[in-house]
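Here's the structure, in structure tokens; my notes come after.
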Amino acid sequence: MKIKEYKIQFIQELSPIYDMGEAESFFYLILEEKQQLKRIDLALHPDLTLSNAEMLVWHSIVEQLQQEIPIQYILGKTSFYGLDFEVNSTVLIPRPETEELVEWIIQSRNRGVEKVKIIDIGTGSGCIAIALKKNISNAEVFAIDVSENALDTAQKNAEINEANVAFIQKNILETEDLEQKFDIIVSNPPYVRELEKQEIKKNVLDNEPHLALFVEDNDALIFYKKIAELAQKNLLPEGQLFFEINQYLGKETVDLLEKRGFKNIELHKDIYGNDRMIKAEL
């Protein structure tokens, strides 16, 4: 079958679940990943065809998309801050909002040749730690996660991106001291309350790791409390603490930090206008 003809069929098969623009974007992602062809190739060579074997691959992907499995998991990769990352069901798919957090950190600390020691708590795919290592001069970067599987993925991503990051398996809630002093402590910890599950899209709820997403309603800031406590011990003078946060708990998170003696607290909105990230200093 000609690829341009199959594109129409592909979009039609996904139309009950996805809008046309999203289905078309999936088509071109798969075309590039599985056929090594770009949109321009299809325009220049309208008679390109798919073999029977290739059609079987496409049909398998369509079936997974119809089950609302994220395209990033199907292809096993995604892009974050201009870098390529492997992703699978043991790690969250990196979000654009988290890219904004990374950009904020880079703007705050990229001051030339000074050395910067950074730790990323709850690293998942390693996207924050690796992006910071690649973009901050003379950064020494450490990253913690409780999940051994997540750390395996993060280590692969560090190798893919030629980023020297030290990964450590540790349950942060059971940690009393980070054992070193840091210029930057950053975390995008679990922050979605159980009561907010109805807001989560089915493809996320059914596929992404709940360990990295959800917290109990009655202790929604459990990770922020613990990391702020560790930051009090382990931030260097003029060090900075960065969080990605629950959009509904911006004021509560700021209050928590104020009560623990943090200053110069800034609450920033993301591109969607939601309270999404915080910077604070001791």
Side-chain angles (χ1 to χ4, degrees), residues 22 25-26 28-34 38 69-110 116 118-137 139-147 149-168 184-192 200-201 203-204 207-213 223 242-247 268-272 274 276-279:
E22 191 169 20
S25 72
F26 291 161
Y28 285 114
L29 281 171
I30 300 162
L31 187 70
E32 184 165 353
E33 181 64 21
K34 298 300 183 183
K38 296 185 181 294
I69 297 172
I71 187 70
Q72 295 92 336
Y73 287 160
I74 296 171
L75 298 179
K77 63 186 293 186
T78 192
S79 177
F80 179 86
Y81 211 77
L83 302 169
D84 291 328
F85 286 85
E86 286 190 9
V87 289
N88 53 57
S89 60
T90 69
V91 297
L92 292 180
I93 297 165
R95 303 303 202 270
E97 304 94 293
T98 308
E99 289 184 308
E100 294 182 70
L101 176 64
V102 167
E103 176 67 15
W104 195 15
I105 297 170
I106 291 168
Q107 289 178 350
S108 297
R109 295 301 302 198
N110 219 351
V116 181
I118 301 169
I119 188 163
D120 172 27
I121 297 175
T123 196
S125 67
C127 63
I128 292 175
I130 292 166
L132 292 176
K133 176 62 180 178
K134 296 291 287 186
N135 287 279
I136 295 182
S137 303
E140 183 180 9
V141 183
F142 299 79
I144 290 172
D145 206 284
V146 69
S147 166
N149 289 330
L151 288 173
D152 286 344
T153 301
Q155 183 62 56
K156 288 179 187 175
N157 284 325
E159 292 165 6
I160 289 167
N161 289 288
E162 299 180 341
N164 183 15
V165 176
F167 293 102
I168 304 158
I184 295 172
I185 296 174
V186 56
S187 184
N188 177 17
Y191 59 65
V192 181
I200 304 297
K201 291 182 179 178
N203 63 338
V204 174
N207 295 283
E208 301 200 45
H210 286 203
L211 178 68
L213 280 170
F223 285 95
F242 288 87
F243 282 132
E244 184 170 323
I245 66 166
N246 185 315
Q247 67 187 58
H268 272 208
K269 296 184 184 297
D270 62 23
I271 52 174
Y272 306 110
N274 299 316
R276 185 62 68 196
M277 60 203 84
I278 282 177
K279 177 174 74 171

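Everything quoted here is computed from the prediction, not taken from an experiment. All residue numbers refer to positions in the sequence shown, counting from 1.
Heavy atoms only, all atoms of each residue included: Pro70 and Ile93 are closest at CB-CD1, 3.5 Å.
Considering Val87, Asn157, Val102 as possible partners of Phe80, the one that fulfils the side chain to side chain contact (heavy atoms under 4.5 Å, CB included) test is Val102. Remark: of the listed residues Glu100, Glu244, Glu208, Glu208 is the sole one forming a salt bridge (Lys or Arg N to Asp or Glu O under 4.0 Å) with Arg95.
For Glu99, the salt bridge (Lys or Arg N to Asp or Glu O under 4.0 Å) test picks out no residue, with sequence neighbours left out. Partners of Asn246 according to the side-chain hydrogen bond (donor to acceptor under 3.5 Å, both in side chains) rule, which considers only residues two or more places apart in sequence or in another chain, are Glu196. Scored by the side-chain hydrogen bond (donor to acceptor under 3.5 Å, both in side chains) test, Thr78 finds no partners at all (sequence neighbours excluded). Not counting sequence neighbours, the partners of Glu33 by the side-chain hydrogen bond (donor to acceptor under 3.5 Å, both in side chains) test are Lys77. Under the rule for a salt bridge (Lys or Arg N to Asp or Glu O under 4.0 Å), the partners of Lys38 that lie at least two apart in sequence or sit in another chain are Glu32.
Going from atom CG of Asn188 over to atom CG of Leu101 covers 7.0 Å, rounded to the nearest 0.5 Å. Annotation: the span from Leu92 atom CG to Thr98 atom OG1 amounts to 8.5 Å, rounded to 0.5 Å.
Between His268 and Trp104, the two ring planes are parallel [angle under 30°; tilted spans 30° to 60°].
Side-chain contact, Asn88 with Thr90: a donor N or O sits under 3.5 Å from an acceptor N or O.
Applying the 6.0 Å contact sphere to CG of Leu83 captures more than 12 heavy atoms from other residues, nucleotides or ligands.
Residue pairs that meet the salt bridge (Lys or Arg N to Asp or Glu O under 4.0 Å) test with at least one member in residues 156-167, sequence neighbours left out, do not exist here.
Judged purely by atom type and a 3.5 angstrom limit, Ser187 uses its side chain to pair as donor or acceptor with the backbone of Ile121.
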